[in-house]
Amino acid sequence: MAEVQDVSHDLGHLEWETPLFNQAITQFEQALPHAAVGDAVAERLRFPERSLVVSVPVRLDDGRWRVFPGYRVQHSSVLGPTKGGVRYDPEVDLGECAALAMWMTWKCALLRLPYGGAKGGIRCNPRALSLNELQALTRRFTSELLPVLGPQQDIPAPDMATNEQTMAWIMDTYSMQVGYAVPEIVTGKPISLGGSLFRHEATGAGVVMVIERCFQKLGTPLAGQRCVVQGFGNVGGIAAGELHDRGALVVAVSDLSGGVHHEGGLDISALRSYAEANGSLAGYDSGERVSNEELLELPCDILVLAAREDQVTGENAGRIQARVVAEGANGPTSVEADAILGERGILVLPDVLTNAGGVTVSYFEWVQDIGRLFWDRNEIRAKLADKLADAFDRVWRLAEEQGLSLRSAALVAGIREVGAALTSRGIYP
Ligand code: NAD
């Protein structure tokens, strides 16, 4: 069984080395022998280019002050500006941002988008903050990040517990500093500010486009497949709806409050309306309640992981009863779990491919903003489907040719693109 590698070296412990960063590095090392990049390039890519740690003071509604740690990590600017989400979560730390930034680099390169990877966030409990407090937090965080943000430098997007409104506050704060409106500083913003049609749905819809392509390769129709979806936010909620629209049977969904299960299939639009109105699935009274742990182990054809990292681990991978695991979230499957699922013949559709719909339509949004020319929804959906199908087919072929898992093949494809560009540019100076 594969183990998380010891990434220690003669430099001692590096600030961003945490279990999640070690997971990203282990995956990188596993892919590297197949990626044909030189030692110097590989060594350069093991390190994020730039990490910024800030502290964000906020005056709470009751008059007290609190200071929250915030982070932005830019992994690689070889191919263009860095791109990546901003998350508000109690578990955000430098290592998490570094791991997610590295995955973003491979994802953008795999999709052949002219970007490198970044990620950022604030360690806080967003559910305990009011809208006013979240606005103050976001605006001050943006101000602290001003020296490293820019439409040609680093472009934020939504991630866990951030949304269109958060992006609007970032866009406004940045625009106020430079003195004119800069919609292209963020993606995933409201349509009224230059956001793109279909961006809101892009990640979840992209997950299902990748699943559909996979089932085409397997020669099995997607209609009628039994699906379980963990996470019912932007990615999971949309993915569940898209699966339902294609005739698949969504038998269980969950969020932080736990899961809802009904063997005959759930009413996804009723669940989405309920979650929107009530903030979560807590109290939904149709179907049987299950815990998140139980939900992951339900028998099904497709398990969509759309909550957060580290959900399928060495501990529970042996009990997963899906045929295909689709990673809508980033890093939901540990290195140990990956090996166990592989040995058990369970196909894992890896995050860097499966959830790439979000950054792809973010790229479309940035291009539309820069060109001041906007596309219609059907055009965007079709362009996204083309991009994902092209990336999927390259990954599938590489996996077959080289006997790799789909994850390793996806990483190899991404690393090769970045490696070739860095080799041509040379390592400065
Ligand atoms: P979100 O905040 O909209 O939704 C997260 C959902 O997961 C919520 O329903 C939450 O209750 C649930 N959740 C959190 N912890 C859980 C747990 N331990 N068990 C079960 N459910 C849990 O966030 P999102 O934007 O949907 O992001 C989800 C994942 O997808 C993250 O890993 C994110 O990095 C990844 N992702 C998001 C995008 C995007 O465009 N939003 C793009 C690519 C990848």
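From a predicted model like this one, the values you see are computed outputs, not experimental measurements.
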* **Residues that A252 engages under side chain to side chain contact (heavy atoms under 4.5 Å, CB included), provided they are two or more places apart** => V228, H261, L295, L298

* **Contacts of type side chain to side chain contact (heavy atoms under 4.5 Å, CB included), residue S257, not counting sequence neighbours** => D255, S280, L281, A282, R289

Considering only heavy atoms from C-beta outward, does the side chain of [X] approach that of [Y] to under 4.5 Å?
{"X": "P332", "Y": "D310", "result": "no"}
{"X": "W375", "Y": "Q368", "result": "yes"}
{"X": "L388", "Y": "R213", "result": "no"}
{"X": "W169", "Y": "M167", "result": "no"}
{"X": "I211", "Y": "V324", "result": "no"}
{"X": "F215", "Y": "R323", "result": "yes"}
{"X": "V348", "Y": "S405", "result": "no"}

Are [X] and [Y] close enough that a side-chain donor and a side-chain acceptor fall under 3.5 Å?
{"X": "T187", "Y": "K83", "result": "yes"}
{"X": "Q230", "Y": "S254", "result": "no"}
{"X": "E15", "Y": "S51", "result": "no"}
{"X": "N163", "Y": "T166", "result": "yes"}
{"X": "T333", "Y": "E327", "result": "yes"}
{"X": "Y115", "Y": "S362", "result": "no"}
{"X": "Q30", "Y": "R407", "result": "no"}

Please determine whether a side-chain nitrogen of the Lys or Arg among [X] and [Y] lies less than 4.0 Å from a carboxylate oxygen of the Asp or Glu.
{"X": "E276", "Y": "R272", "answer": "no"}
{"X": "D154", "Y": "R72", "answer": "yes"}
{"X": "K189", "Y": "E365", "answer": "yes"}
{"X": "R397", "Y": "E401", "answer": "no"}
{"X": "E184", "Y": "R372", "answer": "yes"}
{"X": "E133", "Y": "R64", "answer": "no"}

Check: [Y] main-chain N/O paired with [X] side-chain donor or acceptor under 3.5 Å:
{"X": "Q225", "Y": "P221", "result": "yes"}
{"X": "D351", "Y": "N330", "result": "no"}
{"X": "T173", "Y": "S143", "result": "no"}
{"X": "D390", "Y": "D386", "result": "no"}
{"X": "R87", "Y": "A161", "result": "no"}
{"X": "K387", "Y": "T360", "result": "no"}
{"X": "S175", "Y": "A181", "result": "no"}
{"X": "S196", "Y": "R199", "result": "no"}
{"X": "Q74", "Y": "L52", "result": "no"}
{"X": "R123", "Y": "V92", "result": "yes"}

* To do: Examine W106 together with H75 and report whether their ring centres are nearer than 6.0 Å.
  => yes

Reported [atom1]-to-[atom2] distance for the pair [X] and [Y], which is rounded to 0.5 angstrom:
{"X": "L110", "Y": "R416", "atom1": "CG", "atom2": "CZ", "value": "12.0 Å"}
{"X": "E315", "Y": "S334", "atom1": "CD", "atom2": "OG", "value": "10.5 Å"}
{"X": "L113", "Y": "L79", "atom1": "CG", "atom2": "CG", "value": "9.5 Å"}
{"X": "I415", "Y": "Q27", "atom1": "CD1", "atom2": "CD", "value": "9.5 Å"}

Can you name the closest pair of heavy atoms from [X] and [Y] and give their distance?
{"X": "L20", "Y": "A99", "value": "O-CB, 3.5 Å"}
{"X": "M102", "Y": "R46", "value": "CE-O, 3.9 Å"}
{"X": "F198", "Y": "A205", "value": "CZ-CB, 3.7 Å"}
{"X": "G194", "Y": "D369", "value": "O-OD1, 2.6 Å"}
{"X": "I155", "Y": "I185", "value": "CG2-O, 3.3 Å"}
{"X": "V73", "Y": "A98", "value": "CG1-CA, 3.8 Å"}

* Scan V56, L137, L149 and name whichever one has a side-chain contact (heavy atoms from CB on, under 4.5 Å) with T142. => L149

* Mind checking whether W366 and Y363 have parallel, tilted or perpendicular rings, split at 30° and 60°? -> tilted

